[in-house]
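Contents: one structure, followed by commentary.
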Number of protein chains: 2
Amino acid sequence: MATLKDISVELGLSVATVSRALNGFPEVGARTRTRVQEAAARLGYRPNRSAQRLATGRSGVVGMIVKLRADMSADQTFFDVITSLTAELAARDLDLVLSVDQGDDPVAPYKRMLERDLLDGFVLNAPVPNDPRPGFLMSRDVPFVMHGQAHDAPDYAFFGIDNAAVSADAVELLTTLGHRRIALINGEARFAFAAEREAGFRAAMAAGAGAVPDSAVADGPPTENTGYTLALSWLSGRTGPRPTAILCATTPVAAGVLRAARDLGLSVPGDLSVMAHDDALPNIRPAHFNPALTVTHAPLREACAPLAQMLVDHLNGAPPARLQTVIRAGLIVRASTGPVPKGEDIPWQIP
Amino acid sequence: MATLKDISVELGLSVATVSRALNGFPEVGARTRTRVQEAAARLGYRPNRSAQRLATGRSGVVGMIVKLRADMSADQTFFDVITSLTAELAARDLDLVLSVDQGDDPVAPYKRMLERDLLDGFVLNAPVPNDPRPGFLMSRDVPFVMHGQAHDAPDYAFFGIDNAAVSADAVELLTTLGHRRIALINGEARFAFAAEREAGFRAAMAAGAGAVPDSAVADGPPTENTGYTLALSWLSGRTGPRPTAILCATTPVAAGVLRAARDLGLSVPGDLSVMAHDDALPNIRPAHFNPALTVTHAPLREACAPLAQMLVDHLNGAPPARLQTVIRAGLIVRASTGPVPKGEDIPWQIP
DNA sequence: GGTCATTTTCAAAACGGTTTGAGAAGCGGC
DNA sequence: GCCGCTTCTCAAACCGTTTTGAAAATGACC
């Protein structure tokens, strides 16, 4: 491997000049620059990354710590995100160090990784209400971007979807179709996005369809089973009046709801309308559900390019408060939503 | 971040002494060593990877490249492995850089990562027959360990289970119970482990139960659906004589087989015996299947400690041909296997 | 030809470790 | 008190870059 020194000896220049010539600094003469570039090419020079990193203090490596959940529910979304994220980071010359955390202290794994002094920054995901991680990282001046945040006007970089709007858009579509008794199967309560969705849901309902009793809002892991179980209990009518529409946090949950309706002999959308938020995971096709599922739609993987770019900008000194993006999910109306059944346009009763 | 210099100043020693103390060199006094170690712990010292790599040529970072499959079937095993692997590597002071590959060329992503000049070595997984990766890495003198290899007497480091024995042990149990028509739902044919399992299956069958027609061996992604569909077709009897026992590549496949049997009104193990190989994924409990599943059992995550250790040894200069471990899966007999139904102990007919 | 501003180049100091070669301290034996 | 031996510690060199501060070369102008 040729080094800067080899080139400098070859040309009778100093390493400093060679370095500047190759890195495009303005203060080196045009003739010298071409001479250097040519010599570098001829000798097959490639900068030693470790030396570069040691000198610049930057490693070109960012970290991500995924929290292990007992039910492993994050698998699919996690894999989808990792796939796009590593590709987008690689395109920007960054590598991703991954660590899986099983502990209780949410900041401990970040502390450990930082001690290694290997990382330039982090990608965080799955924020929870009052998440302690941003505060910790900011106190240490460690750059990071948060995936999945959209509110609380934080003064750090984030990318997320407008979760209140996700709920509001869905509720608006359904109320326009005459629905009043809309139930929500939400994401797990400990995540920030779920709180935002529920708040958006309740607000939109109060504005258009009437207040919602607690019994019409439930949550659980984003699995088919969650949807099946909850829908079965609601639709059996044993727990009070039935919903005429069910809003689901994810498409697998909606699949469970559809199965429950089928098992109970209810037609969708004749007797029940079903909607979900669609993260666009590659192995789930809500367009091929039976009936095709009406969704709000925001592909998780589309967050990765902005996240990678924001992190790069952040590392290059951009003020993080400027690196904030909230996108609005799209609305795709398919065949699982329809007008409210005759005579069923009666709001929830609040006990 | 604390540096060697910080510690040396703190203790009034030279950086050289501190370095040697921490790296276990014999020429530093016991008292000094403990003083240094304690100070290092107190200040949260961790060596700077870039500096270390510059000085030694080693970074303490290893890479793993996972291949994205269209059906995402690897999710669960992948997550389980990553969890244990990052923990085991961290315990040995190694970090893991992860990359997801979607391309066609199996070695291109390794080439790309190597150009980054960050990694000391790799963990490979999911070998395929004639896998080009080992040859490529060996030609570049890049250390690596392979997860899931067990045969072909390769001259590199690997850890795997004896897949032929997995099949043979299962077949032996079932033939002892009188079964002769045993069918195999194998892992996907493109993987080396599946070829080994099929070869082991056919050999054990030929020795104990009679030759196996191609129609009694099938494969597919390791999902519940694969098991359900294949079992339904076999057990309906439309495709020829029914198997009296079905051997499954994974526990989700077996769950599908059990559901198919239930749907057809067949009792397990009265009418049909079912077995699977169990990777011991944390969210699947074959002991709680109904009936509890008889399995060959080899927890994927238990491969991670040996893999990490072998990689460390390899990095420290151990000859890779010595770093080869093949373990034999355990056999756990539960309630899903029983004697062959009366009069059904008739071997397969080869067309 | 001298002065000044403007390129252009250089030597040296980082960055944070490891490794070398040499010196100081401790100790037993004479 | 001196010698030789071991044990411990140190200053300095090194890895290959980037970056700093200063010096040298160039050119324009009077």
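Being a predicted model, the structure only gives us computed values, none of them experimental. Order of the sequence lines sets the chain letters (A, B, ...), proteins ahead of strands, with each chain counted from 1. Side-chain atoms are counted along with the backbone in the values below, which use heavy atoms only and exclude waters and symmetry mates.
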Can you give each donor-acceptor pair under 3.5 Å made by side-chain atoms of residues 9-16 of chain B, sequence neighbours left out, with the distance rounded to 0.1 Å?
{"residue": "B:E10", "atom": "OE2", "partner": "B:R42", "partner atom": "NH1", "Å": "2.9"}
{"residue": "B:S14", "atom": "OG", "partner": "B:A16", "partner atom": "N", "Å": "3.4"}
{"residue": "B:S14", "atom": "OG", "partner": "B:T17", "partner atom": "N", "Å": "3.3"}
{"residue": "B:S14", "atom": "OG", "partner": "B:T17", "partner atom": "OG1", "Å": "3.2"}

What donor-acceptor contacts under 3.5 angstrom involve side-chain atoms of residues 302-319 of chain A, with partners at least two apart or in another chain?
{"residue": "A:Q309", "atom": "OE1", "partner": "A:R92", "partner atom": "NE", "Å": "2.7"}
{"residue": "A:Q309", "atom": "OE1", "partner": "A:R92", "partner atom": "NH2", "Å": "3.4"}
{"residue": "A:Q309", "atom": "NE2", "partner": "A:D313", "partner atom": "OD1", "Å": "3.0"}
{"residue": "A:N316", "atom": "OD1", "partner": "A:R58", "partner atom": "NH2", "Å": "3.4"}
{"residue": "A:N316", "atom": "ND2", "partner": "A:V312", "partner atom": "O", "Å": "3.4"}

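For residues 317-327 of chain B, no residue pair satisfies the salt bridge (charged side-chain N to carboxylate O under 4.0 Å, His left out) rule, not counting sequence neighbours. Applying the ring pair (Phe, Tyr, Trp, His ring centres under 6.0 Å) test to pairs two or more places apart or on separate chains, those with a residue in residues 80-117 of chain B are B:Y110-B:F122.
Contacts of residues 40-55 of chain B with DNA chain D (heavy atom under 4.0 Å): B:L54, B:A55.
For the side chain to side chain contact (heavy atoms under 4.5 Å, CB included) test, residues two or more places apart in sequence or in another chain that qualify with A:D162 are A:H151, A:A164, A:A165, A:V326. Take A:D93 and apply the salt bridge (charged side-chain N to carboxylate O under 4.0 Å, His left out) test, not counting sequence neighbours, and it matches A:R49, B:R116. Evaluation of the salt bridge (charged side-chain N to carboxylate O under 4.0 Å, His left out) rule for B:E115 yields no partner, not counting sequence neighbours. For A:R35, there are no salt bridge (charged side-chain N to carboxylate O under 4.0 Å, His left out) partners two or more places apart in sequence or in a different chain. By the salt bridge (charged side-chain N to carboxylate O under 4.0 Å, His left out) test, A:R33 is found to be paired with no residue, residues two or more places apart in sequence or in another chain being considered.
An OP1 or OP2 oxygen of C:dG17 is reached within less than 4.0 angstrom by no side-chain nitrogen or oxygen of B:S19.
Taken over five-pair windows at either terminus, the axes of the helix from C:dG1-D:dC30 to C:dC30-D:dG1 are inclined to one another by 70° (rounded to 10 degrees).
One N or O on the side chain of B:T86 and one on the backbone of B:T83 form a donor-acceptor pair closer than 3.5 Å.
Atom P of nucleotide D:dA11 and atom NZ of B:K5 are separated by 12 Å, given to the nearest angstrom.
Each of B:V15 and B:R35 was assigned the nucleotide of DNA chain D with the nearest heavy atom; the assignment lying further toward the 5' end belongs to B:R35.
Within 4.0 Å (heavy atoms only), A:T3 reaches sugar-phosphate atoms of the nucleic acid but no base atom.
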Could you list all N or O pairs between the protein and nucleotides 5-9 of chain C that sit under 3.5 Å apart?
{"residue": "C:dT9", "atom": "OP1", "partner": "A:T32", "partner atom": "OG1", "Å": "2.5"}
{"residue": "C:dT9", "atom": "OP2", "partner": "A:G29", "partner atom": "N", "Å": "3.3"}
{"residue": "C:dT9", "atom": "OP2", "partner": "A:T32", "partner atom": "OG1", "Å": "3.1"}

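Of the candidate nucleotides C:dC10, C:dT18, D:dT18, C:dC10 has the atom nearest to the side chain of A:A16.
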